[in-house]
Amino acid sequence: MTATEMRPGAAPEPELAPPRRALDQNWRRLARMGAVAAFVEVFIALSGMPVRLDERPVIVSILSLGYVFIGAIPIVVGNRIGRQVRREGVPVHKAGGYELLAGTLAGAVAAAGLSVLVALLTHFDIREPLVNWSPQLLDLLSFNRGPVFGVLIWLGIGAVGGFIGGGLRLLPARWRRTLVTMAATVVLISILEQLVADLVSGVRLEPVADWFYGRRGGLTHSGAGVTAAIAGVAAFFGRGRLKAARAHVQSLEGPARTRATSLMILLTAAILIVVPLLVGSLTNELLANVGLFVLLALGLNIVVGLAGILDLGYVAFFAVGSYTAAVLTAATSPRINPEFPWFVALIFVVVVTGLVGLFIGAPVIRMRGDYLAIVTLGFGEIIRLLFLSDWLSGWFGGAQGITAIGGVEIFGLTTVDGTNPRGVFYLVLVFCAIAIYVSWRLERSRLGRAWMAVREDETVAEAMGINTVNVKLLAFVVGAVLGSFSGAIFANKVGSVFPSSFLILVSMVILVVVIFGGMGSIVGVIAGAALLIGVLGGPKQPGLLAEFSEFKLLIYGALLVWMMLARPEGLIPSARRTRELHQEEFLQDAWLRGEVDTDDGNGDAQGTEGRS
């Protein structure tokens, strides 16, 4: 597509200005970005991540995940430094020698951090404060060929990586997207080795897995080539078709839109029902853990995503649901042990958790912003300490918790417990479907619109006649009830509950899932839980990459910072939330285009072409 061509419904792209001269660099920006990238390289190296992840091959005998983490940074910074922000009235230059030189220099500066680290590792030993300052790290960075080779090779790797990153700017968008997709898919398929191999084994195609993956993990050379080729063809020819199909579905209205949506829901449900039948217990256990966090994230999405209430103590409702189910179903409950069937106990779980939501929400709901967040954080920790205390140990077991909790009997036909991860997943799937339907209906109801009005501007919502206290309190209660479902399933899945299972860290992880996926977006929340919990794992739950277990909190934090800076609306955002976060940019571009001219005297900008 040329610069003058337009997609239907899209704004015209600006005419490209001539390429910038290679030596007309913004040297200060180049040095700053290179230095930041160098610091990141050194930080990752000293965190121990490259050494630990070097055990996970990506391509057999060629590339490991440890080298991917440090080798990708020069490419990223080399590509990033050539990025031009497209604004109305600001010229956009064609890519050329400027981008190549800037990328090469920025990549070399980034990798120079590792060269300096190799020299320091050779001449100094400061393992006392830095435990990862080790000979293993030196061997990794020098490729077991000595420090001189290590210093020189990283300068070369950085320059080549930066050149590649800058060179991507010269390619048409379609080719650039294809190459990036090919590289990312190879890494992703190597990470998903357990899932792919399990699925292939389920359909009795083990020779395919043996040909695709090496005995000690990682893609074989032929497997990597086939993966890259398939990904490249799909990216080159499929993106246009995918975008056209999505635009077609979005353009449908009335019964046609309903039929298309129903078909996609049925297809997704069929996949989720069939896949667990084809995979083993390890993958089903992983799917069950992801489902539990999806259920928790859907509940928090109502509180944070729709109502805009920053709840940092959401784990309290998870704990209350777990303990209530344990007390009412376990024969070993210290004082109360009616041994109700699980579905009968679930009624009490909903009632008790709803009352706890009212009890927590009522005194704090009039607060706003940081004050509300801090108070909910305190309540979340109070609930855990109450379950841990000797004062209530006669009811909830104190530090010893409640053990020997029975499974969930499904109409006397089967029992779902931790030894039956496939059954647990199907049970979680049913409650996730209920939570999705409830969230979808509430979002489009009068109450949902009131929640979103409070999220956008509570003062204006109150001036419009919305009872903000009651509306926020209802958000607390609904979110608490959805979170209690996950807690009730968790207690009978694990077979025991302890206060240590409900640390405040669980609230933080669920919040990261919601923010990463997209606040206010049901699909985004599900995608966020699948990616983060499925790959990295939960606070105490393993993911596909066991090597990430000791770095998952570091990665969570880095992802959260990156999302706040680069994509605050999330991975798959809701349209309304995106408009809220980018309203200022939209108005600035509209003003530059002349669509917004003057003030109407009341501080409202008037459009020259009408309002949408």
Before giving the answer on side-chain contact (heavy atoms from CB on, under 4.5 Å), spell out for Q84 and R20 the whole-Å C-alpha distance, their side-chain angles and the decisive distance to 0.1 Å. CA-CA 12 Å; Q84 300 180 65; R20 293 168 288 185; 3.6 Å; yes
Are Y67 and F143, when compared by the centres of their aromatic rings, separated by less than 6.0 Å?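 Centroid separation for Y67 and F143: below 6.0 Å.
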Check whether any side-chain N or O of [X] sits under 3.5 Å from a backbone N or O of [Y] as a donor-acceptor pair, and report yes or no.
X: N284; Y: G280; result: yes
X: R127; Y: L130; result: no
X: K94; Y: A17; result: no

Out of curiosity, [X] [atom1] to [Y] [atom2], how far, rounded to the nearest 0.5 Å?
X: N301; Y: I522; atom1: CG; atom2: CD1; value: 7.0 Å
X: M33; Y: L105; atom1: CE; atom2: CG; value: 13.0 Å
X: L121; Y: S134; atom1: CG; atom2: OG; value: 7.5 Å
X: L117; Y: L138; atom1: CG; atom2: CG; value: 8.5 Å

Would you name the heavy atoms of [X] and [Y] that are closest together and state the gap between them?
X: S190; Y: V187; result: OG-O, 2.6 Å
X: V60; Y: H221; result: O-NE2, 2.9 Å
X: R56; Y: I191; result: NH2-O, 3.2 Å
X: E550; Y: R52; result: OE2-NE, 3.0 Å
X: P421; Y: S281; result: CG-O, 3.7 Å
X: L287; Y: P276; result: CD1-CG, 4.4 Å

Step-by-step side-chain contact (heavy atoms from CB on, under 4.5 Å) determination, L277 to R422: CA-CA 8 Å; L277 299 174; R422 181 182 298 155; 4.0 Å; yes
What class does the angle between the rings of W175 and F236 fall in, given that below 30° is parallel, 30 to 60° is tilted and above 60° is perpendicular?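 Rings of W175 and F236: tilted, 30 to 60°.
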Start with the C-alpha gap between L531 and F516, add the side-chain angles, then the distance that decides, and say whether side-chain contact (heavy atoms from CB on, under 4.5 Å) holds. CA-CA 10 Å; L531 289 174; F516 178 77; 4.0 Å; yes
Test L310 against L511 for side-chain contact (heavy atoms from CB on, under 4.5 Å), laying out the working first. CA-CA 9 Å; L310 185 55; L511 183 61; 4.0 Å; yes
